[in-house]
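Letters A, B, ... are given to chains in the order of the sequence lines, protein chains preceding strands, and every chain is numbered from 1. Worth saying up front: this structure is predicted, and the values here are computed from it rather than measured.
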There are 2 protein chains.
Amino acid sequence: MKSAASAVARGATLQSIAEAAGVHRSTAARALDPAQAHRISPEVVEKVRAEALRQGYRRDAIAASLRTGRSRLVGVVLPDLANPVFAPILDGVGAALAEAGYSMLVADGGTDAARQTAIVEELIARRVDGLVLATARRSDSVLTVCLDAGVPTVLVNRAEDLPRASSVVSDDICGMRLAVEHLVGLGHRRIGHLAGPDGLSTGVLRRQGFEAAMRAAGLDPTAITVARAYSRAEGQAATAALLDAAPGLTAIAASNDLLALGAYLELARRGLSCPHDISIVGHNDMPLVDMIAPPLTTVRIAHAQMGEAAARLLLERLADPDAEICARLMPAQLILRGSTQALR
Amino acid sequence: MKSAASAVARGATLQSIAEAAGVHRSTAARALDPAQAHRISPEVVEKVRAEALRQGYRRDAIAASLRTGRSRLVGVVLPDLANPVFAPILDGVGAALAEAGYSMLVADGGTDAARQTAIVEELIARRVDGLVLATARRSDSVLTVCLDAGVPTVLVNRAEDLPRASSVVSDDICGMRLAVEHLVGLGHRRIGHLAGPDGLSTGVLRRQGFEAAMRAAGLDPTAITVARAYSRAEGQAATAALLDAAPGLTAIAASNDLLALGAYLELARRGLSCPHDISIVGHNDMPLVDMIAPPLTTVRIAHAQMGEAAARLLLERLADPDAEICARLMPAQLILRGSTQALR
DNA sequence: AAGAATTATGCGATCGATTGCACATTGTCA
DNA sequence: TGACAATGTGCAATCGATCGCATAATTCTT
């Protein structure tokens, strides 16, 4: 008993400080709030601060939240925490939020809408002030839940087709154009595309970017297979299908680095060499893809900045609920490495 | 005004449900709590549940926390969210916590003790029920803050020298022994070690593991350089120093995959080939190291399971504050790939 | 049938910080 | 000097769920 009780003994409430300082707790509260301290006489402020320090007072964020209705908490929902792509995004979000005094409630929602919904409900019950979703499908039922609940929400990395909420995504169309132009510049004419899942904006937009860029170059943009998920295994399967359906390809533009790595595997399985037989371009510039063999030429996405931008957008909306919805595109950048070479 | 107000219009309090159902709010509370519903007549339970559903009621976790003193929130502090090693740990922690109805407050504490302390204070002010620290130094001032505040705390991935708190770490000594024994088995005799920072348990224990295993094999364990941080750049610098100080090495056991990758870079710079000239073993089995050239032989750590175990240990302690402090070792496993080969 | 035991529900204090309003004190100006 | 403003502080309601205790209703004993 004793040990547990004394361990939890966290006195130091506003009340206890006020008593010790001989003032009312509301006065103590004001003295400790930098924004209100000027309304209180300097001597009292000093006395209260000293007492707070002495007692090791820490304002109870929970009690404050209950009263004010704001928790200074933001929920962040990711589709897969283990996927290295999301760590830097999370990092960016966290950094921008911390700067503004907000904390992150992080949850892995998986790819299942029902589970994501359950998680979002849980976050809402915790009275998060806002949400960042990295899980959005092109038409996302989870977002509906968020909006219905009146919780300011921002999408990151993936967006919906229609702008119901602000979003920050990479400029997928442009990124894929850079990839295609690079390949075309190297002399490639028969270029295939490993597309991402249909339900995700990244999958669709990058595919559109591929098609547009191919047409712009006067090339046939029909060598496409769609992967069912962003994973190596699906990438390998899709590559196999692509190579079978469109023989004679000399280059592949993948919608995602993991798909590109799957392509590496399938090429190796068939005894083909990259880049000698087939050039490959990825998308994302995941950590370590500069050290694989061959180093992957890929489209770099500013993940951390994307996360930061999303958080800032959310913070703006929290400050002003009537802020415009805006869709922000982050610039994509082609990173040249060893997986592409000029057509012999 | 109107839009903001109506957007935030989240009625549905216990009170509103109770009124609509014609009962007292305490009755409604009990009817909605599975653990107490049996004390209430089935008809009332049904009526209340129906009403809750109709109004879209969600219990306010904040208000509940204030009253009960438990937030069902656990703070998780990481040294570097962008480091791919921590994502799976976080994933494991999150999964185990979610199962028990807890949520994660995630914060990147960096490597600076002052900043980590500030973050922990913030988490404590948010009344987290417990903390998971992945940042521990061998003697960690931040842990002192946690313990002084009476917040149950568990260390993960890195532990202190003395067991002030429960911890879950990989069996670093054994892992390094596996690496050395593998190299010795391949015929290597002149083996160097890239050690991690002195201040981290992983750095010291793996180094001890290296020394012990070398001595056990009757070999000289003095070819060691200590990296200042776990990064490729420091790994490259340390490798340069190691090769200069101990010419004739045929193998290197690194304390960490990033250090091993730094070694790759330095070998390449010197025109040496891995594994032909020098074999390299890493530690951690980070994502993608199976696809670099050459694929890295490394000691796999069960990151996700480590996170899960840490969370479970914390949950146990939350359930029973007098639970024993325990230091848990997760088994390490050698993964054979292409960066090591038999001495010619 | 009186009393005991059990069950169902209501009551109201409580957690700790916040904040609109009231009150008191002092200063200012005509 | 009387009316008025400015300033500093106290008062008490409030946020919403929880839970010990009280009370009412019901069933069980003997």
Side-chain angles (χ1 to χ4, degrees), chain A residues 8-49 51-52 55-73 101 124-129, chain B residues 5 8-49 51-52 55-73 101 124-127 129:
Chain A
V8 178
R10 320 200 354 76
T13 140
L14 213 37
Q15 179 74 42
S16 73
I17 287 174
E19 272 165 17
V23 298
H24 193 265
R25 61 180 192 286
S26 64
T27 306
R30 291 189 264 251
L32 292 176
D33 179 355
Q36 295 197 51
H38 68 278
R39 325 183 102 279
I40 304 291
S41 65
E43 312 86 64
V44 173
V45 169
E46 191 39 48
K47 199 163 38 168
V48 170
R49 291 218 173 123
E51 192 56 37
Q55 295 192 26
Y57 171 74
R58 278 193 280 255
R59 166 166 156 286
D60 186 325
I62 296 233
S65 293
L66 178 59
R67 173 62 223 252
T68 61
R70 284 171 301 109
S71 61
R72 302 207 138 245
L73 237 39
I124 292 175
R126 289 194 182 273
R127 296 295 183 264
V128 292
D129 290 345
Chain B
V8 178
R10 319 195 354 74
T13 139
L14 211 39
Q15 180 73 42
S16 73
I17 287 173
E19 273 165 17
V23 298
H24 192 264
R25 61 182 192 288
S26 63
T27 306
R30 293 189 263 250
L32 292 175
D33 178 355
Q36 295 197 52
H38 69 277
R39 327 184 102 276
I40 304 292
S41 66
E43 313 86 63
V44 173
V45 169
E46 191 39 49
K47 198 162 41 166
V48 170
R49 290 219 174 124
E51 192 56 38
Q55 294 192 26
Y57 170 75
R58 277 192 281 257
R59 166 165 158 289
D60 186 325
I62 296 239
S65 293
L66 179 59
R67 174 62 224 249
T68 61
R70 284 172 301 109
S71 60
R72 302 209 139 243
L73 237 40
I124 292 175
R126 290 195 182 273
R127 296 295 183 264
D129 289 345

Kindly indicate whether the side chain of [X], heavy atoms from C-beta on, has any atom under 4.5 Å from the side chain of [Y].
X        : Y       : answer
B:Arg126 : A:Leu73 : yes
A:Arg127 : B:Asp60 : yes
A:Lys47  : A:Glu43 : no
A:Val23  : A:Ile40 : no

Handout entry: Sugar-phosphate or base contact per nucleotide [nucleotides 18-25 of chain C; S, B, -; heavy atom under 4.0 Å]
Key = BBB-----
What is the distance from [atom1] of [X] to [atom2] of [N], rounded to the nearest Å?
X        : N      : atom1 : atom2 : answer
B:Leu66  : C:dA17 : CG    : P     : 9 Å
B:Glu19  : D:dG16 : CD    : P     : 12 Å
B:Ile40  : D:dC19 : CD1   : C1'   : 12 Å
B:Glu43  : D:dT26 : CD    : P     : 12 Å
A:Gln15  : D:dG10 : CD    : C1'   : 12 Å
A:Arg39  : D:dG8  : CZ    : P     : 8 Å
B:Arg127 : C:dC15 : CZ    : P     : 13 Å
B:Lys47  : C:dA8  : NZ    : C1'   : 13 Å

Exercise for the section: Verify the contact: side-chain N or O of B:Ser65 to OP1 or OP2 of C:dC15, cut-off strictly under 4.0 Å; return yes or no. Expected result: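 Negative; the distance criterion is not met.
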Handout entry: Donor-acceptor contact below 3.5 Å, side chain B:Asp129 vs main chain B:Ser71
Key = yes
Practice task
Among B:Arg25, B:Glu51, B:Gln55, find the residue that satisfies the side chain to side chain donor-acceptor pair (under 3.5 Å) test when tested with B:Ser16.
Solution key: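 Going through the options one by one, the only one that passes is B:Gln55.
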